[in-house]
Amino acid sequence: MRKLIIVLQWAVASVAVLGLVTLPISLETQLVAGLSVVLAMMILKLVRPDGMWRLITLAFGTAVVMRYVYWRSTSTLPPINQPENFIPGFLLYLAEMYSVLMLAISLFVVAQPLPSRPSRAKFDGRLPTVDVFIPTYNEEPALLANTVAAAMGMDYPADRFTVWLLDDGGTLQKRNSERLTEADNAARRHVELQKLAADLGARYLTRDRNEHAKAGNMNNGLDHSKGELIAVFDADHAPARDFLKETVGYFDEDPRLFLVQTPHFFLNPDPIERNLRTFEKMPSENEMFYGVIQRGLDKWNASFFCGSAAVLRRSALLETDGFSGVSITEDCETAVELHSRGWNSVYVDRPLIAGLQPATFASFIGQRSRWAQGMMQILRFRFPPLKRGLTFPQRLCYMSSTLFWLFPFARSIFLFAPLFYLFFDLQIFTASGGEFMAYTLAYMIVNLMMQNYLYGAFRWPWISELYEYVQTIHLLPAVVSVIANPRKPTFKVTAKDESIATSRLSEIGRPFFVIFGVLLLGVAMTIYKVYAEPYKADVTLVVGGWNLLNLIMAGCALGVVSERGERAATRRVKVSRRCDFNLNGRWLKGTIENVSANGARVVVSGAELEEIAQGAEAALRFRTFATDTDGVLPVAIRNFERTADGIAIGCRYRPQEAAHHKLVADLIFANSKQWEEFQLSRRGNPGLLRGTFWFLRLALYQTYRGVVYLLRDIRGRSEHDTPVAKAAERRP
C-alpha cells in the first residue's frame, strides 16, 4: 500500500511539473521566470548547499531545462519541406537533446553521491591471500622496477601476498618472431625482467602467445596463481604501503563483493595541464570522475573496474572465465558482466597509487581513442541498457559511462552550426533574438550552474568543454570507425614515459589552427551581416555570439597543442622527511622537501656552494617506512642554490641494485597522505563568474601562444626547405 501511495505521489508531481513546463506564457514572463530561477539557485547555493536543499536547487534548474526542451521541440525546428534547413537544424536539435539526456543521467548519478568511506586500515579480521598482478608489454625496466619494488613494500604479511610481473613483451611468440630485431629485443627483455623480478622478490610470468591483449595476459596470471584476491596495478602505477590494508577488509564484510576500486593519482600533468600550466593550481580532469562520479556510481552499486588500482575476488572472476576480452576496455566490460550476475562493488575515495599520464598530446589522444572505442564496443556487444541482471539504476549508470563517449558528434555540430547561418544564411534554429535571451540563454546559464553545483571544486567552469573540444577533432573518426566496424579496434599500450625536450607544435595540432581560422572568418562575417542586413541584426548577433564563444574555446586549444619543452617528466610532490646527505665523503644533516618519480630536492646545512658540483655523485640516507631502518640511495646532483634554510640541492636517483629501487619506492610511493594533501591543495571552487573570467584570460593568452608556436613552426619548416638545407641533407 505504501509503495502505491509513493507511486501516486510521483505521478501527481510529474503531471504538475509537465503542466507548468507546457504552460503557455508570454516572452516577458518567461524571461522573468528564468532570471528568478537563476537568482534562487544562487541564493540556495550560498545559504544551503547540501542535503535536501541541494536537491531543491537542482530541481529548479531541471525545470528551466525542461521548459527549454519543450520550447525547442515545439517552436524552433525548421519546416520539414525545407530540407536544406531542416536536416542541419534537426541534427543540431539531436545534439542538444543528447546533451540534455546526459545532464539528466548525471543528475541521477551524482545528485547525492556517497560520502567517502571510512578507513579500513585497522581491519583485524582474517587476512586473505592476495596475488598482485603487474601486467606489462613494452615499458622500460627502470619504470617496472619502481612499481614492483613499491608492490613488494606494501604493509601486508609477506606470506599472504605474491607479486607477479606479467610480461607480454617477452612471450615465446615474440622471441620466435621472424623479424630478427623484434626477436632479439623480446629475448633480451625476457632475461632482463626475469632477473629484475628475482632480485626484488617477485615472480616473473610470460606466455606462449599474445592473445586477447591485457585481458589475456591477466587471465594467464589467474591460471598460474591461487590467491583469494587479485590486486591489479598498471606498469606505471605504484601502490602506497597501505594499499592492501585499506582495501581487503571490505571483502570480509560482503561475500558477494567482487571489486574494490580506488582512484588513479598522477605524478605528472597530462598534456593539457602541462601546456596550460594548471597542474599545481587546478584539479586534474580525472578528479571529477574519481572524486564525484565514482562516488555517485558507488551509491547505486555501479562503481566499475578501471583497469588498475583495484582488488578483485578470484571466485567472481572464475564465474565469468576471467577478465572479459571482447572489447579493448576489459576493465569496464568485466564489471558489467559481474554486476549483471549479482556481484557488488565498492569505491574507496582515497589515492593509494601514483602513476604517470601520457606526456604528449598525440599519446593523450591515442589513450582517449582507445577508451572511446572500447566503450562503444561495450555498448554494442554488452548493451547495458538491456543487459539481463542489471538493476535499473545500474543500467542508467552504465548508460552514462558509455553514451558519454558519443560527445564528439554533439561537439562537432555545436562547433559548426552557427557557420551554416553566417556563411550560407540557412535558418536551422527558428527563433528571434528575444526568444533566445528568454529561453536559450537562461538554459545555458542554468546548465553551467548545475554543472558547477554538481562538481564544485573538482571541475572548474569551462574546463570540461575545453577537454571535450580538444578530443573531438580526433575522436570523431575513431568513434565512427568502431560504430561501422565494432571488431576493428585493437588494444594499444599508451606511452607514458615520454618527455619533450624542446617546445614544438604537436604533430596532430594543425587541424586546430584551420578550425580557428574558419571561426575567425565567422566573426568577420558576423560584422558584415550586421551592417549589410540590419533588419536581422538581433539573430545575427546571437549567432555571432555563439560563434565567438566557439572561437574563444578554439583559441585556448591552440595553446593545448603547443607543446612546452620541459626537462622534468614529472612534477614534485611536497614532503617533509629528515635525511643525511653525503657530499664529498661527509654526511650533512638535511630535509627532503619534495620528491618526484625521478628525483628529489634536499635542503642541507653545513655545506658551501664551492664544494658542490653539478653532476657529482652523492647519496641520501633516510629511515624507511617499510623496515624502520636507514637506507642509502645513490643520487647525482642536478642543480643547487642557496636558500634561507641552507643549500637546496636538486638530485636525480641513481639506483644500481634492487635494494636501491626499494628505497626509491619507499621515498616516493610509501606515504599516500602526501598525494591526498597535494590534491586537496588544488581544490577550490572559483565560482561560475570568477571562473569564467579566469578562463577568458587563459584563452586569450593561449591563443597568442599558439600563434607564436605556429609562426615558429612555419619559419623552421621554411628554413629546412631552403636549397642549402636540402643539399646538406643529401650529403653522406
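Heavy atoms only: backbone and side chains are in, while hydrogens, waters and symmetry mates are out. Nothing here was measured: the structure is a model prediction, and the numbers come from that model.
A donor-acceptor contact closer than 3.5 angstrom is absent between the side chains of Tyr653 and Asn146. Judged by distance alone, the side chains of Gln702 and Arg705 do bring a donor and an acceptor atom under 3.5 Å apart. Between the side chains of Asn275 and Glu563, at least one donor N or O sits under 3.5 Å from an acceptor N or O. Thr692 and Trp462 share a donor-acceptor pair across their side chains, judged by distance under 3.5 Å alone.
The distance between the ring centers of Phe404 and Phe407 falls below 6.0 angstrom. Aromatic ring centres of Phe279 and Phe266 lie farther apart than the 6.0 Å criterion allows. Taking the six-membered ring for Trp and the full ring otherwise, Trp460 and Trp694 have centroids separated by under 6.0 Å.
Side-chain contact between Leu415 and Thr472: absent, with no pair of heavy atoms (C-beta onward) separated by less than 4.5 Å. Taking 4.5 Å as the limit, every side-chain heavy atom of Arg682 sits out of range of all side-chain heavy atoms of Met282. A heavy-atom distance below 4.5 Å is not found between the side chains of Phe265 and Ser284. Using a 4.5 Å heavy-atom threshold, the side chains of Leu419 and Leu519 count as touching. Side-chain contact between Lys174 and Asn210: present, with at least one pair of heavy atoms (C-beta onward) separated by less than 4.5 Å. Residues Asp270 and Tyr467 form a side-chain contact, since some pair of their non-hydrogen atoms from C-beta on lies under 4.5 Å apart. Considering only heavy atoms from C-beta on, Ile647 stays 4.5 Å or farther from Val603 through its side chain. Side-chain contact between Phe289 and Cys306 is present, with at least one heavy-atom pair separated by less than 4.5 Å.
Annotation: ring-ring contact (aromatic ring centres under 6.0 Å, His included) contacts of Phe233 (sequence neighbours excluded): Phe243.
Scanning all heavy atoms of the two residues, the minimum distance from Ser177 to Glu182 falls at OG-OE1, 3.3 Å.
A side-chain hydrogen bond (donor to acceptor under 3.5 Å, both in side chains) with Glu287 is found for exactly one of Arg683, His264, Arg459, namely Arg683.
Around NE2 of His190, the count of heavy atoms belonging to other residues, nucleotides or ligands within 6.0 Å exceeds 12. The local environment of CZ in Arg564 is crowded, with over 12 non-hydrogen atoms from other residues, nucleotides or ligands closer than 6.0 Å.
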- Message: Before you tell me yes or no, could you show the steps for Trp405 and Gln471 under side-chain contact (heavy atoms from CB on, under 4.5 Å), namely the whole-Å CA-CA distance, both residues' side-chain angles and the distance that decides it to 0.1 Å?
- Response: CA-CA 10 Å; Trp405 291 99; Gln471 293 177 77; 4.0 Å; yes
- Task: Would you please test Val543 and Thr526 for side-chain contact (heavy atoms from CB on, under 4.5 Å) and show each step?
- Result: CA-CA 8 Å; Val543 178; Thr526 301; over 6 Å; no
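A tilted orientation is assigned to the rings of His474 and Phe512, their planes being inclined by 30° to 60°.
Ionic pairing of Asp167 and Arg189 is present here: one or more N-O contacts between side-chain nitrogen and carboxylate oxygen are shorter than 4.0 angstrom. Here Glu280 does not pair with Arg277 in a salt bridge; the nearest charged N to carboxylate O distance is not below 4.0 Å. In this structure, Arg510 pairs ionically with Asp713, as a charged nitrogen and a carboxylate oxygen lie closer than 4.0 Å.
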